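Keep in mind the model is a prediction, meaning the values are calculated, not measured. We number each residue from 1, following the sequence as shown. As the structure lists them, so they are numbered: ligands from 1, and atoms in each ligand from 1.
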Amino acid sequence: MCGIVGYIGDKPVLPLLINGLKRLEYRGYDSAGVAMIDQDKIWYKKRKGKIAELEVEINGFDLTSSVGLGHTRWATHGEPSEKNAHPHFDTEHKIALVHNGIIENYAQLKETLKAEGHVFASDTDSEVLVHLIAMCYDGDMAFSIRKALQLVRGTFGILVLSTHEPDKLFAARRGSPLVIGIGENETLVASDGSALVEHTRDVIYLEDNEMAVVNKHGAKVRTLQDTKVEKAVEKLPYDLVHLQKGGYPHFMLKEIFEQPETVWDSMRGRLLVEEGNAKLGGLQSCIDRMIHSSRLILTACGTSWHAALIGEYLIEKFAKIPVEVEYASEFRYRDPIISRVDTVLAITQSGETADTLAAVREAKQKGALALGMCNVVGSTIARETHAGVYLHAGPEIGVASTKAFTSQVATLALIALALGRMNQLSAEEGREIAQALKQLPDQIRQILEQASHIEKIAAKFMHHNHALYLGRGFNYPVALEGALKMKEISYIHAEGYPAAEMKHGPIALIDDQMPVIFIAVKDSVYEKVISNIEEVKARGGWVIAVVSEGDKACAKLCDEVIEIPYTIQSLMPVLTVIPFQLLAYYTAVMKGCDVDQPRNLAKSVTVE
Ligand code: G6P
């Protein structure tokens, strides 16, 4: 949610900032801006819309400055517009600031500042920060920023430059991530590593309540209370090639097609096929505590929440430990009853989602074991949890999550298997599950080969305005995920339901204009799903079904079918979701939608 990039070194900064912003654009994309020090003054440009529009705006400016910062915005306070785009400036135009997060007490602060003669140019909460810093300025920028931030309630990741100290950048965080890239005679700051990786892989992660004073030789970090902090330099776990489309027209399609490899990457070295078991290094130290927990609480948002629902079924089935699944946004505020005998597992691709992070903190506060399942290495949730497991799926750039989801489900299956083998699961059952897990990558490949068939179905689907997705058991969360994918990127209104619930409401919607998408694979609820399909057909609905390979009987009943190979019922979601990802993708492309950056969405939701 919003992207920050800054550079200080010897190179001309403008193209570097634009390039960095493009890498961050997936985080927010309603307006953007850059500022830099040019001949003792702050030069800036802002623009509503995408980075490409800002790029056109600055085209032709040949500035030699090598200190600057930029921002791509996802609006919270104030509509997307040029005046609300960052950077923001103090009244005297000597300080420029970009901000991620939300300043909760901005309204009171703004009143006070106005009364003192500060002139505001935007409707944002962020602008108060720069005026506060100007108000606190007494000849030392670092001191003034620290002092200003003491007055602020809320979350921030900020980057500041000033003509007062033109050879430095100042970065501070509380709640919104910032990472510093250490290069040769150049230092960069960004809200995530993707804006740094083409310059350096050596990074320092800022923690909450820390501030860095950055120059071209590196960064000095102190707490906001002014205590020195020694920071370790870490390595970014990916390189530039992971951030490119690799010949695909969109990141989303690339990421869908990467899934045979990414699912395997999540299991590599962890799945013990011969032993019928799994070993997850990051969880080894607390696996006993997990197994003796009174229950596991899985908490997440969005697509990760759908993976959590499947995790519930997997863990209860294999390990016989009671599991509850909660939206992190609800968990954090409803004062949940949790104690030392509970384990809370936060599932999050980005490791930065504000609600999920708050849920982790709540769980820790109440004494529970707090675990994380993240994709982004070094992310806040990965660092704040007691222990955890990485997905190793590589950077996911498409805003709609695809490969992270299948890796989450595969990793949850590994956890369920490991816990199960410590509980009631026999070695033979363990081996059956492990064998099935091992086959998943090839089976995903088989489904991907049907992309052009699914594209043809999308060509008919795109003319509809609504759709129902129905599944049962392990495939009920897949119905939710299929519907979410469709609405996220094609803007077609889609709802997911457990198939049996159809008769309690959604059936009223069915007529010959309503596509109904079923998951009707051969499992223990197959017959029941077939009855549901009959009910829809009897009312004239247009039925698309994901069915088991060779199921002619079901194919006869449906208007369109997509066949998938057989796996055990509990692992089906890893396969059944693939056609839904492709169906959403092709539908959105045909409708001319911006697949990788759908309207109003952001990849990483770091505000409430
Ligand atoms: C946003 C993204 C979704 C994602 C959700 C949770 O809404 O657009 O794709 O599922 O956040 O993100 P997380 O990083 O916590 O998995």
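- At most 12 non-hydrogen atoms from other residues, nucleotides or ligands lie less than 6.0 angstrom from NZ of Lys48.
- Given atom 7 (O) of ligand 1, the protein heavy atom at minimum distance is Val605 CG2, 3.8 Å.
- No donor-acceptor pair under 3.5 Å is formed between the side chain of Glu255 and the backbone N or O of Thr402.
- Of all protein heavy atoms, the one lying nearest to atom 16 (O) of ligand 1 is Ser304 OG, 2.5 Å.
- Ring pair Trp305/Tyr327 is parallel by interplanar angle, where below 30° counts as parallel and above 60° as perpendicular.
- In this structure, Arg173 forms no cation-pi arrangement with Phe156, as its terminal cationic atom is not both closer than 6.0 Å to the ring centre and no more than 45° off the ring axis.
- The protein heavy atom nearest to atom 6 (C) of ligand 1 is Cys301 O, 3.4 Å.
- Looking at Glu352 against ligand 1, nothing comes within 4.0 Å, counting heavy atoms.
- Residue contacts with ligand 1 do not include Ser604, since none of its heavy atoms lies under 4.0 Å from the ligand.
- Among all non-hydrogen protein atoms, the one lying nearest atom 10 (O) of ligand 1 is Thr303 N, 3.0 Å.
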Residues Leu371, Val344; criterion side-chain contact (heavy atoms from CB on, under 4.5 Å); working and verdict: CA-CA 6 Å; Leu371 305 176; Val344 174; over 6 Å; no
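- The protein non-hydrogen atom at the shortest distance from atom 9 (O) of ligand 1 is Val399 O, 3.2 Å.
- Heavy-atom distances between Ala602 and ligand 1 reach below 4.0 Å in at least one pair.
- Geometrically, Lys603 does not engage Tyr26 in a cation-pi contact, judged by NZ or CZ lying under 6.0 Å from the ring centre and within 45° of the ring axis.
- The protein heavy-atom contact nearest to atom 12 (O) of ligand 1 is Thr353 OG1, 3.4 Å.
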